[in-house]
Amino acid sequence: MFDPDDLATIREAKREWEAETLDPTLERFGERRETFTTDTGGQELERLYTPDDVADLDYGSDLGFPGETPYTRGVYPTMHRGRLWTMRQYAGMGTARETNERFRYLIDQGSSGLSMAFDLPTQKGYDSDAGMAAGEVGKAGVAIDSLRDMEVVFDGIPLDEVSTSMTINAPAAVLLAMYVAIGDKQGVDRAELRGTIQNDILKEYIARNLYIYPPEPSMRLITDVFEFCAAEVPKFNTISISGYHIREAGSTAAQEIAFTLGDGIEYVERALDAGLDVDDFAPQLSFFFNAHNNILEEVAKFRAARRLWAEIMDERFGAENPKSRQLKFHAQTGGSTLTAQQVENNVVRVAYQALAAVLGGAQSLHTNGKDEALSLPTEQSVRTALRTQQILAHESGVADTIDPLGGSYAVESLTDEIEAEAREILDAVDERGGMLAAVESGWVKRQIQDVAFERQQEIESGERIVVGVNEYQVDEEPEIDIEEVDEDDERRQKERLREVKDDRDDEAVEAALDALADAAAGDRNLVPPIVDAVKAYATVGEISDVLREEFGEYQPGF
Ligand SMILES: CC(C)(COP(=O)(O)OP(=O)(O)OC[C@H]1O[C@@H](n2cnc3c(N)ncnc32)[C@H](O)[C@@H]1OP(=O)(O)O)[C@@H](O)C(=O)NCCC(=O)NCCSC(=O)CCC(=O)O
């Protein structure tokens, strides 16, 4: 991008600056640290970046224009000038009725998309009356047993006007089927349904641990969802390939994107093996990243991820449809960065992290409530979190220029370095036979744990400052309204489940579950029989049991 003579002049001028201006100051005052690195230590930071640090940058092939390959500067031509990112606050609590109320509240307050959290039993494919569910019903999210619960959650919420993300993985096909069934009942054309299911089982084995079946049948379920959606629900994002939890488990920024894109590669390969055409399903693959503390590193990470994915889809998979190459992502501010001490500080952390996500070109964003280190967020803290996004959108000005940090010597240089490091990690994954093999051998988890351990030691030694935790402490008990979970919810939910079971046509349920068992034993797509089963009010637990019977359950080997 720069004339070689100009670069030589700049290099020479920098040497002069160092000798004449910098060194005397360094001798008198020194610097705060011997070396400065990115938050996760992967990249050593220069004191000052100049055009010389981006001498190899080729504007056309490395950056290009927004809406054009390699999408470094954003996936849409107008980005947030055309449409603000979706403000999508993750919510789900207790019963279906309470979740419906929280959703309506969020819509009233200007939330532009819904994001549904499920309780642990639902995420593990158990009904509320299962022994394994005791004590967990409605705790980390809403309890969904049957279509009846989903009808209540979406009561008065027209599915053709809102897009909904569902954080559901092992039973993703079941919840997708329920969403489709609700749409059918509301008379919404399936082609108009918008939303996302997380459906990312690989990161469950790596970091989140909410799996049910072994990897092979889990991958089949995912491929079946790709195929079903391409034909029936073409606007639905069939997966949210998630680095968020990998980062929460303590990975570096480069590991976060490398392992996430590695998972993406594995899903694409499986779908191709199953006979799908890359351009039929790749446009609906979506991503989910963490918006962590270090603003410049995070912005560089998002840009690097976009560039890398465009290249992978082009070079490795020969994708022709531009949409197949566009990495669209949701971001959530880093839950693990929130502190129980001086809870108000979390509002500030969240705001900076959200700023990084927006500067990095996010399509959708969740900002954490300040109290999430302690409990489920209260309505008040959810509102402040949403207002944080609205202030960014309408007051800060950062949404008004596309990729405003593009061209910053520091950010371009970091983008290159993170991309290069992620590439190296992806090569190491390939050497281990791909992501699934690397995950099953325990290698991926060990890579992350090593970094997490180092980070923890840095905090304990005081080398890494966490404000209010190992520095700037105050002697006070946290004063905070805790959102109470109603312990009676479990009993009421079980009663409702009993009513559903009493009301439904048992023969129809049995026939639907038998048809599903047949499909599972053969190789037909599993989603249509799951849709039939949910419409007959078969429960999440019953459907998951049929598949458990056929597929078995995953036992981690490491
Ligand atoms: C693709 C994304 C990232 C975003 O989808 P959205 O529908 O919000 O946005 P979008 O697709 O970018 O935009 C919507 C429509 O507007 C159009 N559009 C957008 N911007 C535009 C622009 N500037 N110019 C022209 N058109 C534009 C798009 O093309 C699209 O239409 P067309 O479709 O017609 O093109 C999706 O996957 C998503 O919403 N993900 C959310 C995931 C999530 O909430 N996860 C929560 C996890 S919570 C979690 O895991 C917590 C921890 C735990 O539980 O463990």
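First listed ligand is number 1; within each ligand, the first listed atom is number 1.
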Q) Can you list the residues that meet the side-chain hydrogen bond (donor to acceptor under 3.5 Å, both in side chains) rule with Asn368, with sequence neighbours excluded? A) Gln332, Thr333, His366
**Q.** Residues forming a side-chain hydrogen bond (donor to acceptor under 3.5 Å, both in side chains) with Ser336, sequence neighbours excluded
**A.**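 Applying side-chain hydrogen bond (donor to acceptor under 3.5 Å, both in side chains) to Ser336 gives Glu248.
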Q.
Aromatic contact between Phe287 and Trp309, with the criterion being ring centroids under 6.0 Å apart: yes or no?
A. yes
Hey, can you pull the donor-acceptor pairs under 3.5 Å for the side chains in residues 169-181, sequence neighbours left out?
residue	atom	partner	partner atom	Å
Asn169	OD1	Asn199	N	3.3
Asn169	OD1	Asp200	N	2.8
Asn169	OD1	Lys203	NZ	2.9
Asn169	ND2	Gln198	OE1	3.0
Asn169	ND2	Glu204	OE2	3.0
Tyr179	OH	Thr164	OG1	2.8

Q.
Please find the pair of heavy atoms, one from Ile418 and one from Ala304, that lie closest to each other, and give the distance.
A.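 Heavy atoms only, the tightest pair is CG2-CB, 4.3 Å.
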Q. Nearest heavy-atom pair of Leu405 and Leu359: which atoms, and what distance?
A.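 Looks like CD1-CD1, 4.0 Å.
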Q) What residues sit with at least one heavy atom under 4.0 Å from ligand 1? A)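 Only Tyr76, Thr78, Met79, Gly82, Arg83, Thr86, Arg88, Tyr90, Ser115, Ser165, Thr167, Arg194, Thr196, Gln198, Arg208, Asn237, His245, Ser286, Phe288, Lys323, Lys328, Phe329, His330, Gln332, Gln363, Ser364 have heavy atoms that fall under 4.0 Å of ligand 1, ordered by chain and number.
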